[in-house]
Amino acid sequence: MTSPPAATSHVAPQADHADKARTVLQRVADLRAWLFLAFLIFGFEIWSRLSFGGTFLFNPFNIQSIAVFAVAPLLLATGQTFVIISGGIDLSMGFIMGLAAVVAAHVINWLTPGLGFWPAVLLGSLVAVAVSAIPGFINGLLVALLKVPPFIGTLGMFGVARGVAFLLAGGTTVPVKNEVFAALGNGKIYGVPYIILVTAVFVLVMHYLLGQTRFGQHNYAIGANAQAARRAGINIKWHLLRLYILSGMCAGLAGVLYAARFSAGAAQAGEPLLLDSVAAVVIGGASLFGGSGTILGTVAGAFVIAVIQYGLVFINVAPFWQFISVGVVIIISVLIDQAQRRFSGGRQSE
Amino acid sequence: MSEMTPIGQPLLEVRNLSKNFGPVQALNDLTMMVRAGEVVALAGDNGAGKTTLIKAISGVYQPSSGEILLQGKPVSFASPQEARDIGIETIYQDLALADNLTIGANIFLGREPMRRAFGFLPVLDRAKMAEAAKSTMALLDFHVSRLDAPVSNFSGGQRQAVAIGRAVYWNAQILIMDEPTAALGVPEQRKVIQLIHQLKAQGRGVIFISHNLQDIFAVADRIVVLRRGVQAGERRISETTHDEVVKLMVGG
């Protein structure tokens, strides 16, 4: 028997217009957080003009308040974005943030008399962020080496960080006695608060890390197909270890900025923000199954939540509507994600 | 990575290879050879030792005894990565691709090229990845237009081609393909068979595992039949028949 000549069969190219429709739908789904955001701002603007005869969007005070409001959830959410893309979740971020806030307050108070205002602020902030790497490191050990599911491992760390933070704080808030720290937390340059500048720079760095480096690329690969990543020679354990340290340190930075803004460290500083951070990531277009998501999407997601929360207060609606609105946005967002997946066949079964 | 071996010269030799797991002898004194530009099919029933053999060749298992020679030089690998580094690549049945990444990103997965943006900032060199994806896929006679699309957008056969393309790009001398056609429809199977012909023409050695005798007879030069860990027979495809191969496989 001889081998039959290989026919020059071309794999049938998919119909062009179906391909285009799919691309358009994918783009819309990718941008949904920005569309939500535009829709919300538009809605509040209309409401504001009709009922107060004033503007919502073009009032710099509103924009600044929303941005300041979004700082901490956004910092948590950037770290959470990395973790969720890898197929994990970090539930401990909220209390790591509280822990860092308490540590920053204590260390700055302790160093200020000896070193003066500025060195105490710098050293204290560094120590707080470094300390927040420790629970991150332990999360990484649990998930990467001991194969504990991220949900459980970081839930354990949620409890540990919470307890340690409250113990260090002595069960109360720790006021900071350092005027430079307070000035940094509340000061502005050209009308832009420092903490917004710090957050913006940090978000840009994270955007670069996720989109332009091997670390980010491997993060996507691990989230989509960990076995493929392993076979391609990626050291998954080492990656996950660094990943959870990174998310811990994001929470640490959020804690330091919190302590600066309120001139106090509080163990419960990040408690309500953890779920907001997960919501921001999901609204921003990431899949909780891993493998997809972007920092820019998360930025939009965080602002969707901040705009809802601030906007509802602004138009004098009972604050409980915030929970309902954010909840509805999360559900719509996930529905869009699933519809898009089904339509474009994310993982077709052959 | 090594020089290409002239077509027809021995590329990979397995000599008296044995592997046992405790008292279980999975592979017993097996000898075989793959020449450059040759496709060798491995056939045998489940548990015949095919998988053990390819895992030993690709560095997943350490053989209990015997040796493996690549281009005449004895080699041993502590990991699949080491086998890959000297040109032995395995294409897995379930396609080791990250579905959310582009063809280029999959080809370079784990060894991404970098460039410097603004003269200092290291960033992924996506242009280089896309270029390599385009030329590699063209080499395999697959012409894809959408180099920025994730591989989940492509068909099973195209994804198989991406997996093969990755091996080709990294200059694999020996490609081990485990049931490459099993999950595909008939036209796509044909396309993969065609791909294997091209690998052969490029002077690479292919070890091809399949349950499908039709495919084996369409693409292989020789067939090595395993039965309970030993070599039950070796035939040139041009000098054998389906019936004979089946008899070798079941014994009798």
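By convention in this document, chain letters (A, B, ...) are assigned in the order of the sequence lines, proteins followed by strands, and residues within each chain are numbered from 1. Reckoned from all heavy atoms, side chains included, excluding hydrogens, waters and symmetry mates. Predicted model, so just to flag it, every value in this text is computed and none were measured.
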* Which residues in residues 205-219 of chain A have any heavy atom lying under 4.5 Å from a heavy atom of chain B? ->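 Residues in range: Y208(A), G211(A), Q212(A), T213(A), R214(A), Q217(A), H218(A).
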
From [atom1] ([X]) to [atom2] ([Y]), nearest 0.5 Å:
| X | Y | atom1 | atom2 | answer |
| --- | --- | --- | --- | --- |
| I234(A) | E112(B) | CD1 | CD | 6.0 Å |
| N100(B) | S287(A) | CG | OG | 10.0 Å |
| N225(A) | L97(B) | CG | CG | 8.0 Å |

Relative to chain B, which of S292(A), A232(A), G233(A) shows the most heavy atom pairs under 4.5 Å?
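Greatest number of close heavy-atom pairs with chain B: A232(A).
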
ask   = If you count heavy-atom pairs under 4.5 Å with chain B, which of A229(A), G291(A), A226(A) comes out on top?
value =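 Most pairs with chain B among the choices: G291(A).
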
> Hey, is CZ on F137(A) packed in by over 12 heavy atoms from elsewhere, all under 6.0 Å?
Replying inline: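 Incorrect, the count does not exceed 12.
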
ask   = When you measure from the side chain of R231(A) to the backbone N and O of Q81(B), does any donor-acceptor pair fall under 3.5 Å?
value =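 Flag not set: sc R231(A) to bb Q81(B) has no pair under 3.5 Å.
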
**Prompt:** At a heavy-atom separation under 4.5 Å, does L109(B) approach chain A through its side chain, its backbone, both, or neither?
**Reply:**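 It is both, since atoms from each part get that close.
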
Does anything in residues 121-135 of chain B get under 4.5 Å of chain A by heavy atoms, and if so which residues?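 If one takes a 4.5 Å heavy-atom cut-off, the residues of residues 121-135 of chain B near chain A are L121(B), P122(B), V123(B), L124(B), R126(B).
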
